[in-house]
Amino acid sequence: MVGSTGSPPERAAAGRIDDPARVRAARRLAAAPPNPALQRLAALAARLLVVPAAQVSLLTDVQTVSAVAGQDPALVGSTGPLPESLCTVAAAGAGALVVEDAAADERVASLPPVRSGAVGAYLGVPLVADDGHVVGALCVFDPAPRAWRDTDVEVLTELAAAAVAELELSALSLRYESDRLRWQLAVAAGGVGSFDWDLRTGDLVWDAQMLALFGLDEESFDGRIETFVAGLHPDDRDRVDRALREAVDTCGAYQAEYRVVLPGGGTRWVEARGEALAGADGRAARVIGAAYDTTAGHEGEARVARVLESMSAAFYALDREWRFTYVNAEAERLLQRGREELLGGVLWELFPGAAASEFEREYRRAVATGEPVTFEAHYAEPLDGWFEVRAWPAPDGLSVYFLDVTARRAAQEQAERERAATAQALRAAEGSRLLAEEARRTAERTAGRLALLARVSDDLSATLEVEEAAARLAAHLVPALGDWCLVTLVQDSGALRDIASRHGDEARVPLLHRYAARRLAALDPVTSPVARAVAGRRTVVVPEPAAEAFAAVLHDPVARDLVRELAPGTAVVVPMRARGQTIGVLTLCRDAGRPPLAGEDLLTVEDVAERAGLALDNARLYGRQQRMAEAMQRSLLTAPVQPDHLQVVVRYRAAARAAQVGGDWYDAFLQPDGATVLVIGDVMGHDVDAAAAMSQVRSLLRGIAHSGGGAPAEVLAALDATMVGLGVDTTATAVVARLEQTGDERERGVSRMRWSSAGHPPPVLLAPDGTVRTLAAERHDLLLGIAPDLPRTGAETTVERGSTVLLYTDGLVERRGQDLDTGLVALRAAVADLAGEDLDVLCDGVLDRLLPERPEDDVALVAVRLHPQDRPRPPVAGPNRVPPARPLEPGGA
């Protein structure tokens, strides 16, 4: 008898049946759609070998999946356990398995098909996939014993090779179809439309997305190029026409960005790219390409442009062909040309004198090295000034910033002249040591004054935090120009607030703090030096004894005692001005025995105050806008629920952008059955519209989850449908998780978490033993607002009590230059390091470790710790914030 030897368990131990790579190969082939060719192959095997039945079997994880055919019946599918299948024995062998009398053959006699009498004789050949793994078998069998010939084995081997080829072809077709579907979904999600213009017939074909970009549909679009041109903004038609003609004439690429005038009013920016294809005669026969909406980018550019236009410094941008793409108003003044002449013009053609100069050398060096450059250049009449030029590479070219340093250079030159004069005086008056010494001191004071002003300007312009800028200002003044000082800000209401103080004697710092805490409330609102400096917008000099002068305008006896203890000898109160307003005052004091501030020292203080006023005002405006944005965002979010033995912590960090609100949100609430629902989500966009859409989506989700009480996947599916039904035109990602518990699970000290994700980063689970893992679902569902008709999937896991679940938005793990996988690795590492910390400390620690100093995106975070229920409830856990009449059990987590 010809065939393999050894029992099935022995061959399984050898790794042929349980090999994971074999299982994966079989799964891939088993997933292919039914192949009629396999029916024919099985039937052909039965006829050629003259047997009642033939079978093609694939061995998956724990069972066989078979296609059985007789000499005439149709294909019939069947399944069976691996250990009970003769095909398992055939697949485990090195060659054909030949069994002439199954009941007498020890290799298969114990298997159910043999014991039942269904198989009396068996001939099987392994199916070997392209990757070399055995994935199943092709066999024929007869209820009665029979002898098999060598030609029978050869025929079956040839048919097995054909069966593998058919399976591989079906699997490849399935993979191709899946890839095609993913491509179509990606194009639809990206909002990309396509076009095809036949130049010979004039027919213009648009897909549905292209029609949507122009606000049209199939009925209103007649397929003519004239209709396309009519939909363009009049100012853009000539430019688009030139681009199309150039592409057609050269059979080259076509690229244009233009405005579409929508039928209902309003405009939309569209970027189009394509190529003219040549026909058989070598001339362009058709133009095909794609287009997408760039309106959001232009709106962002408009916001940036408003900021740039408000700058007092010149700024312009160049593309990679050295053409001007943007100039602000100050740059027009600097370059002595209007932007209508500059935009689109080549730098070296508009300004031939710049070619081969320091400008060209430094600009090209910045582009070549990718590093910013800084140098100083002089502009002749009518400006006649020196400017510090800073140029840094951008993805689309070069950005250039001009800072007027004429005054600084003049001061430096003056200092040089004074040093030279001092040196000349020293040489001319060799015998006059005192004169030379005085000249040297004058030069040093002048140089020191100029250096101080330069340091103050650089230091204050480096921060947009008001308190930090004020603290830096105080540090520059004390002890260089005074013994102690107070920095006071005039608030929008007109009230005064001390925002910084400094004393040169560390031992007296607490005394100064106590005085600063009381003095403004006690000051006379009219006669005090501070009030006079604010009202008169001029420096108020307080002569000796300044302590008594200050005490005389204080209504609080404690404040009077404190200022007398500080004992200032003389003082000056200098207003800080910006944009035509007094935004604060600087009180600088000198102790008794030190000469009062006068002359150059007083001018220096006034210059410092002038520069500080603008810096503080910029910082205050920035802080006000950022606080407004963050307050608006937080007002849209509510405090989380705190159910029994659960501790829920939420965090929100705004991006480092002024006057911007985002679509990130978190939520935690109870469903009617007592289960706890956790939500994290992110609506696309960073503006007021995104915040409004976020509020709508969040409210809809809360209502659906509470009234329906469904599983997370059901909640997301209902939300997706409701957004379409109510016209909430936005897209969003979200994760909805539900913590629930039965009585048995409570006894075992576990809870169950079900969740569903709509295109959102996966939750993170911190187990009681400190291990950290991400809870990734088997299938990635689409974002909300993309395809509401597609079904949504859910996932489920058992969570030990003492575990922590962390949900977050993508700003925590994704940013420019870092992909999601890298961010998830960093997140898991941070959570593992902080595993033993309190939940508040863990959340703050994760944010501090993963976010940069000035994050580019908003971040929302919600974390829940499931405290063990077989011990007293810790103070940080609930129930302490739950809706009235809500059951804590059953169903609660």
Checking Thr822 against Asp819 for the side-chain hydrogen bond (donor to acceptor under 3.5 Å, both in side chains) test, could you report, in this order, the C-alpha distance in whole Å, the side-chain angles of both residues, the deciding distance, and whether it holds?
CA-CA 6 Å; Thr822 303; Asp819 59 20; 2.7 Å; yes

Side chain to side chain contact (heavy atoms under 4.5 Å, CB included) between Leu398 and Val400, intermediate numbers included
CA-CA 7 Å; Leu398 193 71; Val400 184; 4.2 Å; yes

Report the C-alpha distance between Glu358 and Arg361 in whole Å, list the side-chain angles of each, state the deciding distance to 0.1 Å, and finish with yes or no for salt bridge (charged side-chain N to carboxylate O under 4.0 Å, His left out).
CA-CA 5 Å; Glu358 185 177 22; Arg361 290 194 302 273; 5.3 Å; no

Between Val389 and Thr374, does a side chain to side chain contact (heavy atoms under 4.5 Å, CB included) hold up when you go through it step by step?
CA-CA 6 Å; Val389 185; Thr374 302; over 6 Å; no

Decide ring pair (Phe, Tyr, Trp, His ring centres under 6.0 Å) for Trp206 and Phe214; before the verdict, give the C-alpha distance in whole Å, the side-chain angles of both, and the deciding distance to 0.1 Å.
CA-CA 10 Å; Trp206 283 355; Phe214 277 73; 4.6 Å; yes

Apply side-chain hydrogen bond (donor to acceptor under 3.5 Å, both in side chains) to Gln818 and Glu814, showing your working.
CA-CA 6 Å; Gln818 174 180 296; Glu814 288 185 290; over 6 Å; no

Could you walk me through whether Phe387 and Leu334 pass the side chain to side chain contact (heavy atoms under 4.5 Å, CB included) check?
CA-CA 10 Å; Phe387 293 85; Leu334 176 72; 3.5 Å; yes

Begin from the C-alpha positions of Gln209 and Ser194 and carry the test side-chain hydrogen bond (donor to acceptor under 3.5 Å, both in side chains) through to its verdict.
CA-CA 7 Å; Gln209 185 60 37; Ser194 64; over 6 Å; no

Report the C-alpha distance between Leu318 and Phe324 in whole Å, list the side-chain angles of each, state the deciding distance to 0.1 Å, and finish with yes or no for side chain to side chain contact (heavy atoms under 4.5 Å, CB included).
CA-CA 5 Å; Leu318 306 168; Phe324 284 93; 3.8 Å; yes

Please determine whether side-chain hydrogen bond (donor to acceptor under 3.5 Å, both in side chains) holds for the pair Asp682 and Thr733, giving the CA-CA distance in whole Å, both sets of side-chain angles, and the decisive distance to 0.1 Å.
CA-CA 5 Å; Asp682 185 2; Thr733 67; 5.0 Å; no

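Between Arg268 and Arg259 there is no side-chain heavy-atom pair separated by less than 4.5 Å. Using a 4.5 Å heavy-atom cutoff, the side chains of Cys485 and Val478 are in contact. Side-chain contact between Met684 and Leu783 is present, with heavy atoms from C-beta onward closer than 4.5 Å. No side-chain heavy atom of Phe195 sits less than 4.5 Å from a side-chain heavy atom of Phe228. Between Val605 and Leu597 the shortest side-chain heavy-atom distance falls below 4.5 Å. Using a 4.5 Å heavy-atom cutoff, the side chains of Trp322 and Tyr363 are in contact. In this structure, the side chains of Thr267 and Leu262 stay at 4.5 Å or more apart for every pair of heavy atoms. Side-chain contact between Tyr808 and Val859: absent, with no pair of heavy atoms (C-beta onward) separated by less than 4.5 Å.
Atoms CG and CG, from Leu820 and Asp810 in turn, are 8.5 Å apart once rounded to the nearest 0.5 Å. To the nearest 0.5 Å, atom CZ of residue Arg364 and atom OG1 of residue Thr369 are 13.5 Å apart. Of the inter-residue distances, the one linking Phe402 atom CZ with Glu388 atom CD reads 11.0 Å to the nearest 0.5 angstrom. Here Arg409 contributes atom CZ and Asp404 contributes atom CG; the two are 11.5 Å apart, rounded to the nearest 0.5 Å. Interatomic distance, Arg849 CZ to Leu812 CG, rounded to the nearest 0.5 Å: 12.5 Å. Taking OG1 of Thr406 as the start and CD of Glu413 as the end, the distance is 9.5 Å to the nearest 0.5 Å.
Of the possible donor and acceptor atoms, one in the side chain of Arg237 sits under 3.5 Å from a partner among the backbone N and O of Val229. The backbone N or O of Arg497 lies less than 3.5 Å from no partner atom in the side chain of Thr488, so there is not a single donor-acceptor pair. No donor-acceptor pair closer than 3.5 Å links the side chain of Asp396 to the backbone N or O of Asp319. At least one donor-acceptor pair closer than 3.5 Å links the side chain of Arg239 to the backbone N or O of Glu257. When atom types are taken as modelled, the side chain of Arg537 and the backbone of Thr582 share no donor-acceptor pair closer than 3.5 angstrom. A donor-acceptor pair under 3.5 Å is absent between the side-chain atoms of Gln414 and the main chain of Ala410, judged by distance alone.
Here the closest non-hydrogen pair linking Thr809 and Asp664 is OG1-OD2, 2.8 Å. For Arg651 against Leu847, the heavy-atom pair with the smallest separation is CB-CD1, 3.7 Å. Minimum interatomic distance between Ala284 and Ala276 (heavy atoms only, all atoms of both residues): CB-CB, 4.2 Å. Across all non-hydrogen atoms, the minimal contact from Glu271 to Gln255 is OE2-NE2, 3.1 Å. Nearest heavy-atom pair, Leu850 versus Arg815, reported as atom, atom and distance to 0.1 Å: O-NH2, 3.1 Å. In plain terms, the two heavy atoms of Ser399 and Ala394 that are nearest each other are OG-CB, 4.1 Å.
Ring orientation note: the planes of Phe375 and Phe359 are nearly perpendicular, at an angle over 60° on the 30°/60° scale.
Every residue two or more places apart in sequence or in another chain that forms a side chain to side chain donor-acceptor pair (under 3.5 Å) with Thr539 is listed here: Glu606. Arg242 is linked by a salt bridge (charged side-chain N to carboxylate O under 4.0 Å, His left out) to nothing, counting only residues two or more places apart in sequence or in another chain.
Between Tyr316 and Tyr326, the gap from one ring centroid to the other reaches at least 6.0 Å.
Comment: Asp858 does not engage Arg653 in a salt bridge, judged by the lack of any side-chain N to carboxylate O separation of less than 4.0 angstrom. Between Asp241 and Arg245, at least one side-chain nitrogen of the basic residue sits less than 4.0 Å from a carboxylate oxygen of the acidic one, meeting the salt-bridge criterion. Taking a cutoff of 4.0 Å between a charged side-chain nitrogen and a carboxylate oxygen, Arg419 and Glu416 qualify as a salt bridge.
The number of heavy atoms from other shown groups lying within 6.0 Å of CZ (Arg538) does not exceed 12.
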Donor-acceptor contacts, no H, no angles, side chain residues 341-353, under 3.5 Å, sequence neighbours left out:
| unit_1 | atom_1 | unit_2 | atom_2 | d |
| --- | --- | --- | --- | --- |
| Glu341 | OE2 | Arg337 | NH1 | 3.2 |

